[in-house]
Peer 1: 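Here it is, the structure in full.
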Amino acid sequence: MTKIYIYCVFDHEDSLYGVYSSLKSAHTDAIKLANRGGSGVYIYHDGKSMQPDLTFIRNIFKGVIDLKIHYYSSKSKITILKTKLKD
């Protein structure tokens, strides 16, 4: 059986923006959506705020399913959810 992971991107109103099979595409769109306002884009994970880096995001998602990461700026909050297709 093949494991197929999907990444769901939710916009600032918690409505589904898109579903991706590539973390790189989901990460790029999340940064574009969150990049509103005068501040930079950050992620919130394990009680810490950090600048998003694709390698760091991959390491957070590695081996974990049904995990959410929040991207935010001064005017926007975007969420990426990693899950897998279930039979």
Side-chain angles (χ1 to χ4, degrees):
M1 183 164 65
T2 305
K3 294 181 183 178
I4 299 175
Y5 297 109
I6 58 173
Y7 302 92
C8 303
V9 176
F10 297 91
D11 65 8
H12 62 280
E13 296 174 351
D14 286 335
S15 59
L16 183 64
Y17 176 79
V19 178
Y20 304 84
S21 61
S22 163
L23 177 58
K24 184 177 181 180
S25 298
H27 172 73
T28 302
D29 281 357
I31 289 179
K32 286 179 186 176
L33 289 170
N35 195 13
R36 298 197 172 128
S39 70
V41 177
Y42 297 93
I43 60 167
Y44 185 76
H45 180 70
D46 280 344
K48 299 177 186 174
S49 294
M50 298 163 248
Q51 289 188 335
D53 177 58
L54 182 59
T55 305
F56 181 66
I57 301 298
R58 276 195 181 118
N59 290 337
I60 292 172
F61 279 136
K62 192 173 194 175
V64 182
I65 300 170
D66 295 332
L67 177 68
K68 291 181 180 180
I69 294 181
H70 304 286
Y71 290 64
Y72 66 92
S73 66
S74 62
K75 294 189 177 186
S76 185
K77 183 187 106 179
I78 308 300
T79 303
I80 294 181
L81 167 68
K82 177 187 177 185
T83 190
K84 69 177 185 175
L85 294 177
K86 298 176 175 116
D87 293 348

Peer 1: Rounded to the nearest 0.5 Å, how far apart are CD1 of I60 and NZ of K68?
Peer 2: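 If we round to the nearest 0.5 Å, I60:CD1 and K68:NZ are 15.5 Å apart.
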Peer 1: Would you check if there is a donor-acceptor pair between the side chains of H27 and Y71 at a distance under 3.5 Å?
Peer 2: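 Per modelled atom types, Y71 and H27 side chains form a pair under 3.5 Å.
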Peer 1: Could you tell me if the side chain of P52 sits less than 4.5 Å from the side chain of V41, heavy atoms only?
Peer 2: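 In short, these two side chains touch, coming nearer than 4.5 Å.
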Peer 1: Could you tell me whether the side chains of S49 and Y72 share a donor-acceptor contact shorter than 3.5 Å?
Peer 2: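 Yes - a donor-acceptor pair under 3.5 Å links their side chains.
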Peer 1: Return the minimal non-hydrogen interatomic distance between A34 and S73, and the atom names on each side.
Peer 2: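 What the structure gives for the nearest pair is O-OG, 2.5 Å.
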Peer 1: Are I43 and L33 grouped together when hydrophobic residues (ILVMFWY) are joined by side-chain heavy atoms under 4.5 angstrom apart?
Peer 2: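 Yes, it is one cluster - the side chains of I43 and L33 are joined through contacts under 4.5 Å.
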Peer 1: Tell me whether V9 shares a hydrophobic cluster with L85, the cluster being built from Ile, Leu, Val, Met, Phe, Trp, Tyr side chains joined at under 4.5 Å.
Peer 2: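 Each belongs to a different hydrophobic cluster.
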Peer 1: L16 and C8: side-chain contact (heavy atoms from CB on, under 4.5 Å), yes or no, with the steps?
Peer 2: CA-CA 7 Å; L16 183 64; C8 303; 4.0 Å; yes
Peer 1: Test side-chain contact (heavy atoms from CB on, under 4.5 Å) on L54 and K24 and set out the steps.
Peer 2: CA-CA 7 Å; L54 182 59; K24 184 177 181 180; 3.9 Å; yes
Peer 1: Please check if the side chain of S76 supplies one atom and the backbone of H12 the other of a donor-acceptor pair under 3.5 Å.
Peer 2: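 Side chain of S76 to backbone of H12, a donor-acceptor pair under 3.5 Å: no, none is there.
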Peer 1: If you measure from OH on Y17 to CD1 on I78, what distance do you get to the nearest 0.5 Å?
Peer 2: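 Y17 atom OH to I78 atom CD1 measures 9.0 Å (nearest 0.5 Å).
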Peer 1: Nearest heavy-atom pair of F61 and K82: which atoms, and what distance?
Peer 2: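 Nearest heavy atoms, F61 then K82: O-NZ, 2.9 Å.
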Peer 1: Hey, what do you get for CG (L23) to CD1 (I57), rounding to the nearest 0.5 Å?
Peer 2: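 The distance works out to 7.5 Å.
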Peer 1: In the single-linkage hydrophobic clustering (I, L, V, M, F, W, Y; side-chain heavy atoms under 4.5 Å), do I69 and Y44 co-cluster?
Peer 2: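 No, I69 and Y44 fall in different hydrophobic clusters.
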Peer 1: Rounded to the nearest 0.5 Å, what separation is found between the OH atom of Y20 and the OG1 atom of T28?
Peer 2: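 Interatomic distance, Y20 OH to T28 OG1, rounded to 0.5 Å: 9.0 Å.
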Peer 1: What is the distance from atom NZ of K84 to atom NZ of K3, rounded to the nearest 0.5 Å?
Peer 2: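 So the NZ of K84 and the NZ of K3 are separated by 6.0 Å.
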Peer 1: To the nearest 0.5 Å, how far apart are CD1 in I80 and CG in L67?
Peer 2: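 Here the rounded value is 10.5 Å.
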Peer 1: Could you check whether any side-chain N or O of S39 sits under 3.5 Å from a backbone N or O of S74, counting only pairs where one atom can act as donor and the other as acceptor?
Peer 2: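 Side chain of S39 to backbone of S74, a donor-acceptor pair under 3.5 Å: yes, one is there.
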